[in-house]
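Handing you this structure, nothing more for now.
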Amino acid sequence: MNFGIIGLGNQGKLHLQNCLLRKELNVAAVADTSKHALEYATNRGVKRTYANYEDLLRDKNVDAVIINLPNYLHLESATKAAEAGKDILLEKPLASRLEDGEKIVSSVEKNDVKLMLGYSLRFESLFRELREKIVNGYFGEVEIAEATNISNGPFAGRADRIGPVPVPNWWFDKELVGGGALLDLGIHMVDLLAWYFGEVESVSSYLGYTFNMSAEDAATCIIKFKNGPLAVVNAGWFSIDHLISIGLNGTSRNFSAVFPPKKSRLRFIWNDFKSIVGRGASSSTAEELKYFVDCISRDVEPSPSAKEGLLDLRIISMAYEHASVLTQAKM
Amino acid sequence: MYFVSFVQAEDLSADGIRETIRKSISLIEFNSNKKVDKIVIKPNMCYYFHPSTGEVTDPRFVGALIDVLRMTFQSNPEISIVESDASAMKCHYVFKMLRYDALAREKDVRLVNLCEEKSKQVEMEIAGHSLKFNVPELLLDCDFLVNVPKIKYMHGVKVTCAMKNIFGCNAVQKKSVYHNTLNEAIVGLNKIMRTSLVVADGLVVNYKYTKRLNLVMASENVVAADAAASRLLGINPKSVKQLSLASRESLGELDFVPVGDFDYFKRNFPRKGMKENLFERGASAYLRLFHRS
């Protein structure tokens, strides 16, 4: 199977490394506007590089693409990829706006291609096992759920870098990003909860602006699932510490866990070392890729699908529409 | 030998911080008789961090300092708060995110991105390394440079306090070009842009963990201030390359006279142990080896 990778930022490079480790995959081409990024791919054996992703989409040798572009480019790139007949692995969120998400879904359906959203947490064993337990009634009826994803967001230092990383300008523009911490990090947790509990009945939220940016950097979103619990999603861009956690309170059992369980830097170094010596890292993004390839080979609809991504976007969009701003709240 | 004062703020109201800064400056017997027309304040705004993390200078601290400076120098000096774009940080965003833009409006001072100011190229040789800097004219023209650093640890230079803070006055965005000669560049820039007064914001410090220490540290000499910061971090100043180099270049001495409760802050500074230091050195060495970017 011949893959094309569009966008070689942090996430794009991670996908490239994962692709190169899979024997059944061939990275036929990559596209990025940065010469430095293209050199990175060439140095790793990628034969064809494009400065314009539309040229990559015209490449007949490419069967599927992984899109790692800024949110505001998701609509354009995903619809063009669908029109070119390529199957798509698109980094979350589906789009920066609900209307754009709807257009992507209809383009994917019209052109009969597969689109999977890059929600890597779905491929972590902890979250998969939890779903199985919920379905099997291990917790009884889950009445209250809580999911948190807090970090420095786009300002986070990367594990493979020493010191702070430059932040592209688009991250500071709410119009281009589509939202703040809730859309960027909260959507991972919204997706997990929607995967666990299904249809949503109502949504409300509170937004905070610690850093005085146009987009929120703190958010609490309360979701009532139609046939499920009352859930609270917390998301933040305000902390130099990174935390992902989940709590489930059921009629039979209560549960809470912090993810990842150990210090991420040590974990990163170990996984990274394994990938350097060619052993491959058992990361969630590697599992995600394996599953996507499998779906294409077996011609089945991948999940998280474009429609699931649209549902998540709808929840986030409702949360923004009905948000109260914390800084304005008065006792 | 220079005095370095260590004073604890009893409360963190504007009045409380102002009083602590005032006391800290008076303890070092700072002479305010000279006529000052142009003051430049250089806080640490290295990245988009919240002041409560201990990584950047708190704008409330700078606000209180401006009040103290206006009380000290009766000549109604023109005050500018300065920072410059860096490889990973842009002033345009950091001023707003850290709320320095609101502070500048409130205190009626200029807020300056040094990369957008006129600057002069200066070449100099430090320890056999030939270095080029873009020195802002604003810094060359000012009568009084107030250095408002944080007290931190950084791999490669060990102590980052007053001297490293001046590195941020070099009007070059891609500061990573100096990373192989960082110690020399820090010393060179401090030779060109002489700090008149160091007032370190130690309200919150971050080393092993983040701690509210409520410390205000002041000195008239950058080397003395950094040697004191080094002692707080539990590091012998003689082992800090930029400090020994600065001392050789006659910027100051590694010995200082502590005034105030130095021992209290030394005891209570959240220092790292050998285990944490070894792990971090190992991790950094690994990243440098396999991920040179």
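Proteins come first, then strands; the chains are lettered A, B, ... in the order of their sequence lines, and each starts at number 1. When reading the values below, keep in mind they use all heavy atoms of this one structure, side chains included, and skip hydrogens, waters and symmetry mates.
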Are any side-chain N or O atoms of Lys96(B) and backbone N or O atoms of Met213(A), one a donor and one an acceptor, separated by less than 3.5 Å?
->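 Checking the backbone N and O of Met213(A) against the side chain of Lys96(B), no donor-acceptor pair under 3.5 Å is found.
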If you measure from OG1 on Thr210(B) to CG on Asp241(A), what distance do you get to the nearest 0.5 Å?
->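 Nearest 0.5 Å value for the OG1-CG distance: 9.0 Å.
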Locate the shortest heavy-atom distance separating Met97(B) from Phe172(A); write the atom from each residue and the value.
->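 In terms of heavy atoms, the two residues are closest at SD-CE2, 3.7 Å.
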Quick one: salt bridge (Lys or Arg N to Asp or Glu O under 4.0 Å) pairs with a partner in residues 52-66 of chain B, sequence neighbours left out?
->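 Checked against salt bridge (Lys or Arg N to Asp or Glu O under 4.0 Å) - neighbours excluded - the pairs reaching residues 52-66 of chain B are Glu55(B)-Lys152(B), Asp58(B)-Arg60(B).
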Is it true that atom CG of Asn52(A) has more than 12 heavy atoms of other residues, nucleotides or ligands lying nearer than 6.0 Å?
->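 Yes, because the 6.0 Å sphere around CG of Asn52(A) holds more than 12 heavy atoms from other groups.
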ring-ring contact (aromatic ring centres under 6.0 Å, His included) partners for Tyr207(B), two or more places apart |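 Tyr207(B): ring-ring contact (aromatic ring centres under 6.0 Å, His included) contacts with Tyr153(B).
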More than 12 heavy atoms from other groups under 6.0 Å of CG on Asn43(A) | yes
Contact part of Asp85(B) toward chain A, heavy-atom cut-off under 4.5 Å: side chain, backbone, both or neither?
-> neither
Of the backbone (N, CA, C, O) and the side chain (C-beta and beyond), which part of Asn169(A) lies under 4.5 Å from a heavy atom of chain B, both, or neither?
-> both
For Val165(A) and Tyr47(B), work out which heavy atoms get closest and say how close.
->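 Shortest heavy-atom separation between Val165(A) and Tyr47(B) comes out as O-OH, 2.6 Å.
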Would you confirm whether the ring centroid of Phe211(A) sits within less than 6.0 angstrom of the ring centroid of His50(B)?
-> yes
Please examine the side chains of Val167(A) and Tyr93(B), heavy atoms only from C-beta on, and report whether any two atoms are closer than 4.5 Å.
-> no
Parallel under 30°, tilted from 30 to 60°, perpendicular over 60°: which one fits the rings of Phe155(A) and Tyr48(B)?
->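 Correct class here is tilted.
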For Leu98(B) and Asn212(A), what are the C-alpha separation, side-chain angles and deciding distance, and is it a side-chain contact (heavy atoms from CB on, under 4.5 Å)?
-> CA-CA 8 Å; Leu98(B) 270 59; Asn212(A) 201 24; over 6 Å; no
